[in-house]
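The block underneath contains the structure these notes are about, expressed in structure tokens.
Naming convention: chains lettered A, B, ... in sequence-line order (proteins, then strands); numbering from 1 in each chain.
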There are 2 protein chains.
Amino acid sequence: MDNLQSAPIIIGKLLNIGGMLQRHGNRILQPFGLNQQQFSIFFEIAKAGKVKQKDMVNRLLLEKAHVSKVVKKLHGMGLITITASDEDKRSAWLAPTQEGKQILNKCRGIFKEWNKQWSKAVDDIELNSILENLSHLQAVFEDKI
Amino acid sequence: MDNLQSAPIIIGKLLNIGGMLQRHGNRILQPFGLNQQQFSIFFEIAKAGKVKQKDMVNRLLLEKAHVSKVVKKLHGMGLITITASDEDKRSAWLAPTQEGKQILNKCRGIFKEWNKQWSKAVDDIELNSILENLSHLQAVFEDKI
DNA sequence: CTAAGTAAGTATCCATGGAAACTATTTTTT
DNA sequence: AAAAAATAGTTTCCATGGATACTTACTTAG
């Protein structure tokens with residue numbers, strides 16, 4: 001099969017898989033009152049320890065309006081703190097709370113379990129090949145989109 | 001890297017790429033008054049030639065309520081016909097109109113051009129390996145989700 | 001040093017899509 | 001053949017997220 005034939009099929013499959021994962025993530029996170037996107041923003045905040053909204057926008061390539069709303073929600077849920085920044089009064093620092101970290105760990109555990117499940121069906125070599133392929137694709141799309 | 005380390009990264013990348021593609025698809029299709037999901041339903045109807053809503057639900061793994069709404073929209077836009085079915089009065093046959101087929105071809109052309117663009121950055125061998133990987137993953141997730 | 005331009009976030013509008021309850025029909029059970 | 005269960009689609013509710021315009025603060029040009 002040549003490039004022009006496989007390219008659209010690849011796109012179709014990526015969209016399909018992406019949708020499945022997103023819906024699955026939403027379902028898993030439902031008990032925590034979060035969805036997949038909200039969690040990924042929360043996760044990034046926790047990973048960074050201390051960030052501003054614009055960092056999230058850059059890292060996750062999301063709309064700043066969207067990030068703003070999610071940040072407000074996370075704050076309302078007591079998962080993050082928002083501390084005014086001295087250098088730039090337009091923005092504030094975001095950091096996970098103690099409670100936030102606990103919830104994060106619970107989620108991490110659930111995801112880990114699920115990852116263990118599905119990755120059993122794929123051997124190590126293939127998994128690494130997938131990772132390489134996806135990293136390349138990610139770079140290509142970030143560039144071409 | 002072992003399975004348990006790469007698995008979550010793979011999921012993260014799939015979600016990220018899926019999101020990018022969806023947003024890109026939405027942007028491309030905007031002039032036609034459709035979004036990526038609506039187009040994919042329309043595309044499936046056209047590909048099949050004559051189907052019922054439940055076929056779309058099964059093939060695309062979407063919510064039937066959602067499909068119902070999109071079908072109504074496509075019909076309202078004059079892209080498909082809805083013909084009552086004799087065997088089962090609960091359901092109706094869906095088929096693309098002449099105009100629908102024309103619009104579909106236009107979109108196909110645009111997507112083809114874009115596919116040509118990005119796939120230049122990936123050689124044939126890698127593209128085939130990606131296709132294999134994704135097919136496997138798709139099957140795994142359909143099964144494990 | 002002020003005016004114009006840019007940047008970080010917010011508010012608002014609106015189509016979208018998931019969930020659940022509902023209607024109408026068909027199939028299965030007894 | 002009547003009752004129960006299953007199926008196809010629809011309706012309604014509501015959180016979501018993209019787009020745009022706006023506010024406030026910062027930066028740079030003249």
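- Under the salt bridge (charged side-chain N to carboxylate O under 4.0 Å, His left out) criterion, B:Arg108 pairs with no residue at all, not counting sequence neighbours.
- Positionally, the nearest nucleotide of DNA chain C for B:Gly33 lies more toward the 5' end than for the other of B:Gly33 and A:Gln30.
- Under the rule for a side chain to side chain contact (heavy atoms under 4.5 Å, CB included), the partners of B:Gln138 that lie at least two apart in sequence or sit in another chain are A:Lys13, A:Asn16, A:Ile17, A:Met20, B:Glu142.
- Residues meeting the side chain to side chain contact (heavy atoms under 4.5 Å, CB included) test with A:Val51, sequence neighbours left out: A:Ile45, A:Ala48, A:Asp55, A:Met56, A:Arg59, A:Leu94.
- Checked against side chain to side chain contact (heavy atoms under 4.5 Å, CB included), A:Lys47 has the following partners two or more places apart in sequence or in another chain: A:Phe43, A:Glu44.
- Take B:Phe32 and apply the ring-ring contact (aromatic ring centres under 6.0 Å, His included) test, not counting sequence neighbours, and it matches no residue.
- For B:Glu126, the side chain to side chain donor-acceptor pair (under 3.5 Å) criterion is met by A:His136, not counting sequence neighbours.
- Residues that satisfy the side chain to side chain contact (heavy atoms under 4.5 Å, CB included) test with A:Ala46, not counting sequence neighbours, are A:Pro96, A:Leu104.
- Scanning residues 35-57 of chain B for heavy-atom distances under 4.0 Å to DNA chain D yields B:Lys52, B:Gln53, B:Lys54.
- Legend: salt bridge (Lys or Arg N to Asp or Glu O under 4.0 Å) pairs involving residues 62-84 of chain B, not counting sequence neighbours: none detected.
- With sequence neighbours excluded, the residues forming a salt bridge (charged side-chain N to carboxylate O under 4.0 Å, His left out) with A:Lys52 are A:Glu87, listed by chain and number.
- Using a 4.0 Å cutoff on non-hydrogen atoms, the parts of residues 60-94 of chain A near DNA chain D are A:Glu63, A:Ala65, A:His66, A:Lys69, A:Lys73, A:Glu87, A:Asp88, A:Lys89, A:Arg90, ordered by number.
- Side-chain atoms of A:Asn133 and B:Asn133 include a donor-acceptor pair closer than 3.5 Å.
- Here chain A contacts DNA chain D (any atom closer than 4.0 Å to a heavy atom, that is under 4.0 Å), and the contacts span D:dT16 to D:dC26 from 5' to 3'.
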